[in-house]
Number of protein chains: 2
Amino acid sequence: MAGKATNIPTATILRLSIYHRYLQSLMERGTKVVSSAQLANGTNVNAAQLRKDLSYFGRFGVRGVGYNVSKLLRQIKEILGLGKSWNMALIGAGNIGKALLQHKQFENHGYNFVLVFDKTPFRVGKEILPGIEVHHIDKLKELAATTPIDLAVIAVPASQAQEMADTIIEAGISGILNFAPARLKVPNHVALQHVDFTTLLDTLTYALSTKEKKGAYYNKKKEENRNTRWDSPQSWPDHMINYSNLLVTK
Amino acid sequence: MAGKATNIPTATILRLSIYHRYLQSLMERGTKVVSSAQLANGTNVNAAQLRKDLSYFGRFGVRGVGYNVSKLLRQIKEILGLGKSWNMALIGAGNIGKALLQHKQFENHGYNFVLVFDKTPFRVGKEILPGIEVHHIDKLKELAATTPIDLAVIAVPASQAQEMADTIIEAGISGILNFAPARLKVPNHVALQHVDFTTLLDTLTYALSTKEKKGAYYNKKKEENRNTRWDSPQSWPDHMINYSNLLVTK
DNA sequence: GAGACTAAGTGACTTAATTCACAATATATT
DNA sequence: AATATATTGTGAATTAAGTCACTTAGTCTC
């Protein structure tokens, strides 16, 4: 059935974005049609899962044939709300903030920083980049009234992050991408994602530590593959691909 | 039972890191003892889940009392493999890479960039920061032999990311944090995490779009809370906290 | 246009993660 | 030392996510 009202797994949305990106690269390469197996392989996903992910939203393929690349691309854009351009405010003009501002990828995808805020005295009022002035965070609500903001990106120290989030929400913004190492509390209508460097690194060290200590959490299941060498980088044999680095951030 | 060999959910490891950080802040504030309820509240997690997370590794609390902050902190450090310091190589000395190099948080947590690589001619051989020279990526294997590297951070364009990952793995490094917008394939013994800005943003726009269109995916379940106002930032009423931004990256 | 073939779509099943709810065990109090 | 109270630890129940395997519906060939 098309476009069910069933609960859509959060992970599905994330994968949709990944399919989207891969489809774009197929598009650029001039590929017209793609099968669920190919698309799944290119994004490290199970083919049935890909089909199920799409099935939450409709029927986009042709049986016996596959998916039309440009059509599916358009449809995923529609689902995710891409296609239009989104205004973002950067909160925090430090190292990370500045790097994000200069990150080309964002504008290519329709994400544009239109306002920058900080509260550190020596930053406020300065031009952080040619043509981009840093405003005091107190002006957020006022400026957001004239320049509508869809999303806010928090890149301040942990100690200030919650306070910034509250300010952002009070200004009527209801999407937040948080780079500060702190788990924010936001009311239910606000969409929130965390980018948490050290937490991700910690999961890596855990993996490395257990490998050393117990000798291969990994190898347990895959011991039979020992003879299968992986000497040809670029295309690891399928059974050696690491599907295990799942990640959850609340 | 303590320290079971049961399969430990990946999400548990991630939350352990989050508890760890919160415990550190409690420590700094001088708190000696904390209950699962407090700790869970501070990290936006269900108290039973926190206890279960810990139970995979042992029994760390005292019934009727709670957890000793410094003791639990030490034990989580032990589990995650923190405590020692980890050598990292940065692959890609562009905007993001440079920002990561300057990111103080890393050294505070025992993560140190000891080598920087790139392949862009005008960057190689230059000092990207005082005292830090950029090496050509071809030297990775050679230099990694003298300076042991635990983790590699990829911050190159998507088109080069897989190639870099292969090089890294060939040099014997088996932990990767990838900032490039591409899903990498790595053999099973390699631990991998993705930091995928646009994908995260896409999940936010999805949330915003569906809210607009269908009017509240969110409110459905929480309609009864409409009368409960959230006018006091900093402490949103519990039932309004957004627990829904789960995230998965394969 | 009949038969062979391919690949989407999906209900049923399996596996994994989360939450409940209560027994176990500690402290504090009188 | 008996009772009240607090809070952990965990088996059992629940909910959610992922995979299998089959049905359906297209295209292609002769």
Side-chain angles (χ1 to χ4, degrees), chain A residues 1-16 18-19 31-41 43-69 71-72 75-76 221 238-239 243-250, chain B residues 1-16 18-19 32-41 43-69 71-72 75 221 238-239 243-250:
Chain A
M1 199 162 290
K4 295 180 222 171
T6 328
N7 285 336
I8 293 158
T10 347
T12 289
I13 303 303
L14 193 117
R15 283 191 297 265
L16 241 34
I18 293 169
Y19 307 148
T31 311
K32 298 281 184 237
V33 173
V34 69
S35 72
S36 66
Q38 292 173 295
L39 191 45
N41 182 53
T43 50
N44 292 355
V45 158
N46 177 298
Q49 177 155 76
L50 158 25
R51 294 199 299 273
K52 175 140 289 187
D53 283 341
L54 293 176
S55 80
Y56 290 115
F57 300 97
R59 310 165 83 155
F60 305 109
V62 179
R63 294 180 189 212
V65 179
Y67 301 91
N68 177 299
V69 172
K71 193 177 144 206
L72 184 57
Q75 283 162 322
I76 294 182
K221 286 186 181 171
D238 259 22
H239 59 273
Y243 287 122
S244 63
N245 66 321
L246 176 144
L247 235 276
V248 184
T249 72
K250 274 245 165 104
Chain B
M1 198 164 288
K4 294 179 223 170
T6 327
N7 284 337
I8 293 157
T10 347
T12 289
I13 304 304
L14 192 118
R15 283 191 298 265
L16 241 35
I18 294 169
Y19 307 148
K32 298 280 185 238
V33 173
V34 69
S35 72
S36 66
Q38 293 172 293
L39 191 44
N41 181 54
T43 50
N44 294 353
V45 158
N46 177 299
Q49 177 156 73
L50 158 26
R51 294 199 299 275
K52 175 137 290 186
D53 283 341
L54 294 176
S55 80
Y56 289 117
F57 300 96
R59 310 167 81 153
F60 306 110
V62 180
R63 293 179 189 213
V65 180
Y67 301 90
N68 177 300
V69 171
K71 193 176 144 207
L72 183 56
Q75 283 161 320
K221 286 185 179 171
D238 259 21
H239 60 273
Y243 286 123
S244 64
N245 65 323
L246 174 143
L247 234 276
V248 184
T249 73
K250 272 248 164 101

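Here is the naming used below: chain letters follow the sequence lines, and residue numbers restart at 1 for every chain.
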Nearest-Å distance, CG (Asp53(A)) to P (dA16(D))? 17 Å
Of the nucleotides dG18(D), dT7(D), dT23(D), which one has an atom closest to the side chain of Ser35(B)? dT7(D)
Specify the separation, in whole Å, of atom CG of Leu50(A) and atom C1' of dA17(D). 16 Å
Which of these nucleotides, dA25(D), dT27(C), dT7(D), is closest to any side-chain atom of Arg63(A)? dA25(D)
With a 4.0 Å limit, can you tell me whether Arg59(A) has a side-chain N or O closer than that to the phosphate oxygens OP1/OP2 of dA7(C)? no
Expressed in angstrom and rounded to an integer, what is the separation of Phe60(A) atom CZ from dA7(C) atom C1'? 17 Å
For Leu14(B) and dT18(C), give me the distance from atom CG to atom P, rounded to whole Å. 10 Å
note: Leu54(A), atom CG; dG9(C), atom P; distance rounded to Å ~ 7 Å
Taking all heavy atoms of Ala37(A) and all of Ala47(A), pick out the closest pair and write down the distance. CA-CB, 4.1 Å
Go through the steps for Thr12(A) and Arg15(A) under the test side chain to side chain contact (heavy atoms under 4.5 Å, CB included), then give the verdict. CA-CA 5 Å; Thr12(A) 289; Arg15(A) 283 191 297 265; 3.5 Å; yes
Would you say Tyr56(B) reaches dA17(C)'s phosphate, i.e. side-chain N/O to OP1/OP2 under 4.0 Å? no
Value in whole Å for how far the P atom of dA17(C) lies from CG of Asn7(A): 19 Å
N/O (side chain, Asn46(A)) to phosphate O (OP1/OP2, dC20(D)) under 4.0 Å: yes
Where is the tightest heavy-atom contact between Tyr19(B) and Leu50(B), given as atom of each residue plus distance? OH-CA, 3.5 Å
Can you find a donor-acceptor N/O pair under 3.5 angstrom joining the side chain of Lys52(A) to the base of dT10(C)? no
Leu54(B) vs Phe57(B), test: side chain to side chain contact (heavy atoms under 4.5 Å, CB included). Steps then yes/no. CA-CA 6 Å; Leu54(B) 294 176; Phe57(B) 300 96; over 6 Å; no
Between Ile13(A) (CD1) and dG18(D) (P), how many Å, whole number? 12 Å
For Val69(B) and Val33(B), work out which heavy atoms get closest and say how close. CG2-N, 3.9 Å
Can you say whether a donor on the side chain of Arg51(B) sits under 3.5 Å from an acceptor on the base of dT8(D), or the other way round? no
Rounded to whole angstrom units, what separation is found between the CG atom of Asn41(A) and the P atom of dA7(C)? 14 Å
With respect to the phosphate group of dT8(D), does any side-chain polar atom (N or O) of Ser36(B) fall under 4.0 Å of OP1 or OP2? yes
How do Ala48(A) and Ala37(B) order along DNA chain D: which one's closest nucleotide is nearer the 5' end? Ala37(B)
For the side chain of Gln49(A), counting heavy atoms from C-beta on, which of dT19(D), dG9(C), dT7(D) is nearest? dT19(D)
Here's a test of your reading of the structure: between Thr12(B) and Gly66(A), which maps to the more 5' nucleotide of DNA chain C? Gly66(A)
May I ask you to evaluate whether Tyr67(A) reaches the phosphate of dG9(C), defined as a side-chain N or O under 4.0 Å from OP1 or OP2? yes
